[in-house]
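When a residue number appears, it is its place in the shown sequence, counting from 1. Each ligand, and each atom within it, is numbered from 1 in the order the structure gives.
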Amino acid sequence: MPAQTVPNAPEAAQAQPLGSTAVPPPEAVAPLIRGITVLHRLTEADGTLSLSALERSTGLARSTVDRITATLAHMGHLRLDGRDATLTPHVMELGNAYLAALRLPTLLDARADALADELDESVSLAVADHDGIRFIHQATRRRALSLSFRIGDLLPAERTAPGSLFAAGWTPEEWTAWRARRAADPKDRAFPAVPPRGEEGADGEHGEHEENEENEEFVRRAARAATDGWALDDQLIEPGLVAVSVPVRDPRTGRVLCAASVVSHTSRRTAADLRAALLPRLRTAVAEMESVLRDAPPADPGPSPSGLATWTTASKHELGREFIESLARGLTVLTAFGEGRAALTLTEIAKATGLSRATVRRALITYAHLGLVTTPTAPPHTFALTPRVLSLGFPPLSRTTLPRLAAPHLQALAQRLNEPAALAVLLTPPDAEPEIQYTAGATAPRVLTVDITVGTRLPAHVTALGRVLLADTPTAPPGPDLRPALAEIRAQGYALADEELESGLRAIAVPIRDRTGRTVAALNVATHAARRTLEDCITQILPELTHTATRIQSDLHTASRFTPVPLT
Ligand code: PHB
């Protein structure tokens with residue numbers, strides 16, 4: 001995308017290889033291309049960049065960076081604090097659309113997780129992405145010894161076990177494209193998730209001869225993978241990291257859909273051990289995955305979305321010049337895809353988004369140019385998302401935790417009310433009274449001292465946080481005397497604690513629920529009896545508290561759709 005130097009006019013539907021410098025087709029939407037560039041740079045920088053760093057790394061004018069980040073912030077995809085732009089969990093909606101449409105995570109993640117538990121080793125699922133592999137699932141048991149990759153990370157095919165399996169099916173054109181990439185990027189600089197190559201050479205330089213030798217070695221590994229039906233990675237990425245992979249095939253067509261890998265470290269097993277000890281189990285697990293695919297009912301598209309992009313016009317009226325409507329509309333096109341909506345026609349996308357066919361068509365041409373959308377051969381006249389959609393913010397956010405995603409919301413709440421806010425979880429030690437533990441907190445500028453040090457524990461039943469958590473806990477409450485109170489809390493949806501923990505301290509708390517509706521944490525605001533009456537707590541604090549809880553929940557639900565989000 002960046003420099004536009006190659007003077008050719010590619011087919012609109014032809015996906016460009018990574019780092020392509022091809023000129024966009026004339027109908028491509030320039031602001032959408034720039035917005036995608038900003039998302040890529042933020043993703044590569046692990047989620048945060050200053051606006052001036054964004055200006056430098058994109059080569060865009062500062063005023064353009066400002067308008068793009070303002071638009072992305074308005075969409076909820078990033079947060080602007082001070083000089084920094086930070087991706088928010090909401091941006092994962094883009095990657096979620098791809099993963100939901102792909103359906104493999106929905107059907108296979110549980111199998112991969114069970115295998116990781118059984119073997120006590122990491123297990124991953126990866127799909128082919130041109131001459132790279134991209135992870136769609138990680139069940140990580142990795143010890144501190146080696147790198148661990150995230151959902152959405154892209155690795156060069158030739159340095160991985162899944163890559164050998166995918167290359168086994170490459171056409172001569174694909175081999176040519178791979179050789180061209182190797183020649184253009186011998187150190188794998190286009191793959192920020194892996195350590196650069198050749199740094200270990202004695203003279204610091206990796207000769208052409210070694211490069212050719214490594215290339216031919218990959219050609220041989222791919223040929224072997226084709227006959228064996230499995231492949232090994234013996235420390236191709238970094239010393240110590242070993243993996244064995246098996247392809248997961250479409251039971252109807254035999255086409256390779258993804259690769260399942262077991263990953264270990266040479267301190268535990270050599271590559272040969274991995275193959276001898278774990279390959280048989282991996283193969284039976286893959287056979288089970290294939291039968292899950294065979295028996296899966298057709299994807300359930302649910303109710304068709306409609307008018308996904310209609311809000312953009314109002315935002316344009318509201319924000320004026322700062323809001324780039326074509327960027328907002330274009331990004332919304334990606335969210336028209338999902339489970340049971342993997343291949344959509346232009347008409348279907350127009351219907352789902354509420355955008356005109358002309359607008360949708362130009363967005364699709366732009367995405368095809370960027371390699372984010374393809375045109376499947378069947379059904380005819382449809383469009384589908386590519387794995388590259390996961391490069392739009394997914395990897396850095398796929399490892400978030402509830403305290404981390406809640407932190408900016410707590411800060412905003414504490415600031416608005418000028419009172420401290422906190423998040424807590426319930427701990428139920430065996431044979432002891434239940435306790436709460438603070439997991440995140442935000443203090444207000446001027447405030448009485450309330451101890452919200454993360455990690456602090458308190459008896460659950462004397463705090464508003466604890467009562468909200470106990471009210472939704474199926475296990476028996478601590479004392480029968482508390483039962484009516486907890487029933488009332490459950491019914492009203494909040495708990496108030498009035499000077500019970502400490503004289504003068506008043507607190508009000510609401511539950512935070514996961515995607516299944518289970519209460520997993522509680523959010524509170526504390527105040528002093530002299531500052532607010534009980535009535536004030538309900539009329540002034542509760543609406544803000546509920547609003548913040550809704551926002552935290554929304555981030556939690558988005559972030560946890562395809563990967564678990566730790567609660568502490
Ligand atoms: C991984 O899941 O991290 C992984 C899988 C296969 C490889 C390397 C790493 O070859």
Side-chain angles (χ1 to χ4, degrees), residues 99 104-105 108-109 111-129 131-168 178 188 191-197 214 217-218 220-222 224-226 228-248 256-275 277-279 281-283 285-286 289 387 390 394-396 398-399 562-564:
L99 292 172
L104 294 175
L108 306 183
D109 280 4
R111 296 284 162 156
D113 294 348
L115 184 63
D117 286 343
E118 181 192 324
L119 303 179
D120 193 26
E121 297 282 6
S122 295
V123 171
S124 64
L125 300 176
V127 293
D129 186 348
D131 59 5
I133 73 158
R134 208 181 279 276
F135 292 107
I136 58 167
H137 187 61
Q138 281 284 352
T140 307
R141 293 286 171 296
R142 205 124 348 137
R143 311 342 190 242
L145 284 168
S146 55
L147 284 180
S148 68
F149 297 104
R150 306 161 299 182
I151 297 175
D153 275 335
L154 178 72
L155 274 49
E158 70 280 4
R159 288 174 73 185
T160 68
S164 301
L165 298 169
F166 298 145
W178 170 73
D188 295 343
F191 299 90
V194 297
R197 278 191 196 241
E214 283 169 8
E217 167 60 25
F218 178 52
R220 287 192 291 275
R221 267 188 281 126
R224 227 174 307 134
D228 292 346
W230 53 270
L232 274 185
D233 165 358
D234 188 0
Q235 310 177 73
L236 295 167
I237 293 170
E238 65 162 7
L241 184 62
V242 290
V244 61
S245 303
V246 169
V248 180
V256 175
L257 298 173
C258 66
S261 308
V262 177
V263 190
S264 189
H265 192 272
T266 48
S267 62
R268 292 164 59 78
R269 303 174 194 276
T270 64
D273 290 344
L274 195 60
R275 184 208 147 174
L278 302 186
L279 176 61
R281 183 61 193 96
L282 175 59
R283 288 185 126 156
V286 165
M289 289 180 185
L390 289 173
F394 210 91
S398 68
R399 291 268 170 89
F562 289 107
T563 190

Examine distances only and state if a side-chain atom of Glu238 and a backbone atom of Leu147 form a donor-acceptor pair shorter than 3.5 Å. yes
Under 4.0 Å from any heavy atom of Gln138, which atoms of ligand 1 are there? 1 (C), 2 (O), 3 (O)
Within the 4.0 Å heavy-atom shell around Ile237, which atoms of ligand 1 are there? 8 (C)
Donor-acceptor pair, Asp113 side chain versus Leu115 backbone, under 3.5 Å? no
What protein heavy atom lies closest to atom 8 (C) of ligand 1? Include the residue and the distance to one decimal. Asp233 OD2, 3.4 Å
Hey, does Pro196 have a side-chain heavy atom less than 4.5 Å from the side chain of Asp188? no
Which of the atoms of ligand 1 are close to Ala243, meaning less than 4.0 Å from one of its heavy atoms? 6 (C), 7 (C), 10 (O)
Does an N or O anywhere in Ser245 fall below 3.5 Å from an N or O of ligand 1? no
So the atoms of ligand 1 within less than 4.0 Å of a heavy atom of Val263 turn out to be 1 (C), 2 (O), 4 (C), 5 (C)
Ala161 N/O to ligand 1 N/O under 3.5 Å: yes
Quick test: of every protein heavy atom, which one is nearest to atom 2 (O) of ligand 1, and how far off is it to 0.1 Å? Ser124 OG, 2.6 Å
Spell out, as yes or no, whether a donor-acceptor pair under 3.5 Å connects the side chain of Asp233 to the backbone of Leu236. yes
For Ser148, which part has a heavy atom under 4.0 Å from ligand 1: side chain, backbone, both, or neither? neither
At a 4.0 Å cut-off, with the gap strictly under it, does some heavy atom of Ser122 reach an atom of ligand 1? no
Answer yes or no: is there a donor N or O on one side and an acceptor on the other, between the side chain of Asp117 and the main chain of Ala114, under 3.5 Å? no
With a 3.5 Å distance limit and no angle check, can you tell me whether Arg134 reaches the backbone of Asp153 through a side-chain donor-acceptor pair? no
Tell me if a side-chain donor or acceptor on Ser122 pairs with a main-chain N or O of Arg141 at a distance below 3.5 Å. yes
Answer side chain, backbone, both or neither: which part of Leu147 comes under 4.0 Å from ligand 1, heavy atoms only. neither
Check this for me - ligand 1, Arg159, N or O atoms closer than 3.5 angstrom, yes or no? no
Do any N/O atoms on Thr160 end up under 3.5 angstrom from N/O atoms on ligand 1? no
Please check if the side chain of Gln235 supplies one atom and the backbone of Leu241 the other of a donor-acceptor pair under 3.5 Å. no
Carboxylate-amine/guanidinium contact Glu121 Arg281, below 4.0 Å: no
At less than 4.0 angstrom from any non-hydrogen atom of Phe135, what atoms of ligand 1 do you find? 1 (C), 2 (O), 3 (O), 4 (C), 5 (C)
